[in-house]
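Residues: numbered from 1 along the sequence shown. Here the structure is a predicted model, which means the values were calculated and not measured.
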Amino acid sequence: MYEFEDIYNNRVMLSFEDHPFSRNPKHVWVICRFEDQWLLTSHKNRGLEFPGGKVEFGETADQGAIREVKEETGGHVSQLQYIGQYKVDGREKVIIKNVYFARIDKLEKQDTYFETNGPVLLRQIPENVKKDSRFSFIMKDDVLTYSLEKIKKSNSI
Ligand code: GTP
């Protein structure tokens, strides 16, 4: 279990165990790989981030992850791997999010990308992402650092 603070000084707990905080988390975050690049989305307010969002009524977290990737990037998930879960003790509420690694086999142009401007492909996530204003706050705590480390260890990247 890792414990750290996000950029808003909210306490974050991250674990790579099997659903340590909730069997049915309401949020998902999907670290996507298309060919030899990372696939992100450009959120209209927050900036560049891996796709994700809220699980809808009647869907599982895994289904929500696949849907969010499609909506925000046009990416079709060919492989979805659960990585871990994190919990943020926010000022107003506690949120619990599943983290996934997804392989994308095709990118299809969408009529709308919802609250984002659509897909962005990057060869590398910059070393100084935490200080880079193009990136969303979601990319600026140690969830990204530890999750990428974990993904790189167990996948050929
Ligand atoms: P609604 O108003 O209910 O639609 O949601 P919201 O816009 O308040 O956002 P959400 O429920 O997704 O998140 C609430 C708060 O939790 C955010 O303002 C953030 O402070 C925090 N939060 C959400 N997702 C993340 C995340 O991935 N990482 C971190 N560190 N904080 C997050």
Side-chain angles (χ1 to χ4, degrees), residues 2 4 6-7 12 14-21 24-56 58-88 95-157:
Y2 298 96
F4 43 86
D6 70 7
I7 64 163
V12 183
L14 167 70
S15 164
F16 297 121
E17 299 296 310
D18 182 18
H19 297 80
F21 306 117
N24 297 296
K26 298 278 182 294
H27 300 254
V28 290
W29 195 48
V30 193
I31 297 178
C32 296
R33 193 85 180 152
F34 176 66
E35 295 174 347
D36 58 351
Q37 298 190 77
W38 300 108
L39 171 65
L40 293 83
T41 188
S42 176
H43 190 279
K44 286 179 180 163
N45 309 123
R46 298 196 293 258
L48 298 176
E49 61 189 30
F50 284 115
K54 289 198 178 98
V55 177
E56 288 180 354
E59 78 182 355
T60 63
D62 290 13
Q63 288 167 339
I66 293 167
R67 177 186 48 75
E68 288 285 355
V69 171
K70 184 73 188 291
E71 286 181 0
E72 296 187 342
T73 69
H76 175 262
V77 174
S78 56
Q79 201 188 312
L80 188 71
Q81 188 184 323
Y82 168 87
I83 296 292
Q85 203 171 63
Y86 63 99
K87 181 170 145 184
V88 184
I95 68 137
I96 297 174
K97 224 177 247 209
N98 271 1
V99 184
Y100 297 90
F101 173 59
R103 295 262 184 201
I104 307 302
D105 63 353
K106 47 181 193 267
L107 269 181
E108 290 171 316
K109 197 173 176 344
Q110 306 290 297
D111 292 333
T112 171
Y113 292 99
F114 294 78
E115 62 275 31
T116 85
N117 291 317
V120 174
L121 288 164
L122 293 181
R123 292 215 173 270
Q124 270 177 341
I125 305 296
E127 284 289 332
N128 67 346
V129 61
K130 290 183 179 171
K131 292 184 186 147
D132 190 326
S133 61
R134 293 173 303 159
F135 287 85
S136 157
F137 82 94
I138 287 179
M139 303 286 286
K140 291 183 174 163
D141 59 48
D142 288 338
V143 172
L144 178 68
T145 323
Y146 290 126
S147 299
L148 280 181
E149 201 177 280
K150 178 99 183 150
I151 289 164
K152 285 176 181 169
K153 257 188 214 154
S154 57
N155 293 274
S156 52
I157 288 166

Atom pair [atom1] ([X]) and [atom2] ([Y]), whose distance is rounded to the nearest 0.5 Å:
| X | Y | atom1 | atom2 | result |
| --- | --- | --- | --- | --- |
| Arg46 | Ser136 | CZ | OG | 5.0 Å |
| Ile104 | Gln37 | CD1 | CD | 13.0 Å |
| Leu144 | Ile151 | CG | CD1 | 8.5 Å |
| Ile66 | Tyr100 | CD1 | OH | 8.5 Å |
| Leu148 | Phe50 | CG | CZ | 6.0 Å |
| Glu68 | Thr116 | CD | OG1 | 9.5 Å |

Exercise. Does the side-chain contact (heavy atoms from CB on, under 4.5 Å) test come out yes or no for Gln110 and Lys70, once each step is laid out?
Worked result: CA-CA 8 Å; Gln110 306 290 297; Lys70 184 73 188 291; 3.5 Å; yes

I want to check something: taking the side chain as every heavy atom from C-beta on, are [X] and [Y] in contact at a cut-off of under 4.5 Å?
| X | Y | result |
| --- | --- | --- |
| Pro119 | Tyr113 | yes |
| Ile31 | Leu39 | no |
| Tyr146 | Leu14 | yes |
| Gln85 | Ser15 | no |
| Arg103 | Ser78 | yes |
| Lys130 | Asp142 | yes |
| Glu115 | Asn45 | no |
| Asn117 | Lys44 | yes |

Would you check if the side chain of [X] reaches a backbone N or O of [Y] as a donor-acceptor pair within less than 3.5 Å?
| X | Y | result |
| --- | --- | --- |
| Asp132 | Arg134 | yes |
| Lys140 | Phe135 | yes |
| Gln63 | Thr60 | yes |
| Glu59 | Glu56 | yes |
| Glu17 | Gly84 | no |
| Thr41 | Gly118 | yes |

Exercise. Under the side-chain contact (heavy atoms from CB on, under 4.5 Å) criterion, do Lys97 and Val143 qualify, and how do the steps go?
Worked result: CA-CA 11 Å; Lys97 224 177 247 209; Val143 172; over 6 Å; no

Taking only Lys NZ, Arg NE, NH1 and NH2, and the carboxylate oxygens of Asp or Glu, determine whether [X] and [Y] approach each other closer than 4.0 Å.
| X | Y | result |
| --- | --- | --- |
| Asp62 | Arg67 | no |
| Lys152 | Glu149 | no |
| Arg123 | Asp36 | yes |

Provide the closest heavy-atom pair for [X] versus [Y] in the form atom of the first, atom of the second, distance.
| X | Y | answer |
| --- | --- | --- |
| Leu122 | Ile125 | CD1-CD1, 4.4 Å |
| Pro25 | Val55 | O-CG2, 3.5 Å |
| Phe101 | Ile157 | CZ-CD1, 3.7 Å |

For this session: In sequence, state the C-alpha distance, the side-chain angles, and the governing distance for Lys54 and Val28, and then conclude on side-chain contact (heavy atoms from CB on, under 4.5 Å).
Result: CA-CA 6 Å; Lys54 289 198 178 98; Val28 290; over 6 Å; no

Exercise. Would Arg33 count as a cation-pi partner of Trp38, with NZ or CZ less than 6.0 Å from the six-membered ring centre and within 45° of the ring normal?
Worked result: yes

Exercise. Do you see a donor-acceptor pair shorter than 3.5 Å between the side chains of Tyr86 and Asp141?
Worked result: no

For this session: Assign the ring pair Phe16 / Tyr2 to parallel, tilted or perpendicular, where the plane angle (0 to 90°) is split at 30° and 60°.
Result: perpendicular

Exercise. More than 12 non-hydrogen atoms from neighbouring residues, nucleotides or ligands closer than 6.0 Å to CD on Glu108, yes or no?
Worked result: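 Counting neighbours around CD of Glu108, more than 12 heavy atoms of other residues, nucleotides or ligands fall under 6.0 Å, so yes.
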
For this session: Just do the side-chain contact (heavy atoms from CB on, under 4.5 Å) check on Asn98 and Trp29 with the steps written out, would you?
Result: CA-CA 6 Å; Asn98 271 1; Trp29 195 48; over 6 Å; no

